[in-house]
Amino acid sequence: MTDIDFNNLSFEDALAQLEMIVRELEAGKIKLDDAVNAYEKATVLKRFCEEKLKSAELKIEKINISPLGDISTEPLDKTEESND
């Protein structure tokens, strides 16, 4: 189906590939079989990018534990603003 080496693929490279596929599909100048393969590859790249973004989001959130033991998260930026 798709030959993507995810071990050496950065978010930026995946996004660039995804954008290129979208442009090709929008142009409508590729054969049906190629369009289907491109769509499948784009789907895999989209999922990869979403996972990378979610991972980055989780790394930049602050974990809060209330006195009652309730756990919540908040954006790191919000914490910095409240300390000013």
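As a basis for the values below, the full set of heavy atoms in this structure was taken, side chains included, without hydrogen atoms, waters or symmetry mates.
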(message) If the condition is side-chain hydrogen bond (donor to acceptor under 3.5 Å, both in side chains), which residues does Asn7 pass it with, not counting sequence neighbours?
(response)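 Partners of Asn7 by the side-chain hydrogen bond (donor to acceptor under 3.5 Å, both in side chains) criterion come out as none, since no residue qualifies.
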(request) State which residues pass side-chain hydrogen bond (donor to acceptor under 3.5 Å, both in side chains) with Asp70; sequence neighbours excluded, sorted by chain then number. (result)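 For Asp70, no residue satisfies side-chain hydrogen bond (donor to acceptor under 3.5 Å, both in side chains) once neighbours in sequence are set aside.
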(message) Taking the side chain as everything from C-beta on, heavy atoms only, tell me whether Val22 gets closer than 4.5 Å to Glu26.
(response)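 Counting from C-beta outward, Val22 and Glu26 do come under 4.5 Å.
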(message) Working note: Phe6 + Val44, criterion side chain to side chain contact (heavy atoms under 4.5 Å, CB included); need CA distance, chi angles, decisive distance, verdict.
(response) CA-CA 10 Å; Phe6 289 104; Val44 173; 3.2 Å; yes
(request) List, by chain and number, the other hydrophobic cluster members for Leu68, where Ile, Leu, Val, Met, Phe, Trp and Tyr join if side-chain heavy atoms come within less than 4.5 Å, directly or indirectly. (result)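 Listed partners: none, Leu68 stands alone.
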(message) Does Leu45 form a side chain to side chain contact (heavy atoms under 4.5 Å, CB included) with Lys41? I'd like the steps, not just the answer.
(response) CA-CA 6 Å; Leu45 287 166; Lys41 183 176 180 180; 4.0 Å; yes
(message) Run the salt bridge (Lys or Arg N to Asp or Glu O under 4.0 Å) test against Lys46 and tell me which residues pass, sequence neighbours left out.
(response)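 Applying salt bridge (Lys or Arg N to Asp or Glu O under 4.0 Å) to Lys46 gives Glu50.
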(message) Using the salt bridge (Lys or Arg N to Asp or Glu O under 4.0 Å) criterion, which residues pair with Lys31? Sequence neighbours excluded.
(response)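 For Lys31, no residue satisfies salt bridge (Lys or Arg N to Asp or Glu O under 4.0 Å) once neighbours in sequence are set aside.
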(message) With ring pair (Phe, Tyr, Trp, His ring centres under 6.0 Å) as the rule and sequence neighbours excluded, what pairs involving residues 23-47 come up?
(response)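 The answer is none; no pair qualifies.
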(message) Give me each pair satisfying ring pair (Phe, Tyr, Trp, His ring centres under 6.0 Å) with a member in residues 50-72, each pair once, sequence neighbours excluded.
(response)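 Found none.
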(message) Suppose we screen for side-chain contact (heavy atoms from CB on, under 4.5 Å). Which residues come up paired with Ile71, at least two apart in sequence or across chains?
(response)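 So Ile71 forms a side-chain contact (heavy atoms from CB on, under 4.5 Å) with Ile63, Ile65.
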(request) Grab the two heavy atoms, one from Ile21 and one from Ala42, that are nearest each other, plus how far apart they are. (result)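 So the minimum-distance heavy-atom pair works out to CG2-CB, 3.8 Å.
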Could you pull out all donor-acceptor pairs under 3.5 Å where a side-chain atom in residues 9-18 meets a protein atom, sequence neighbours excluded?
residue	atom	partner	partner atom	Å
Ser10	OG	Asp13	N	3.1
Ser10	OG	Asp13	OD2	3.2

(request) With side-chain hydrogen bond (donor to acceptor under 3.5 Å, both in side chains) as the test, would you mind laying out the steps for Asn8 and Asp5 before giving the verdict? (result) CA-CA 6 Å; Asn8 297 316; Asp5 181 10; 2.8 Å; yes
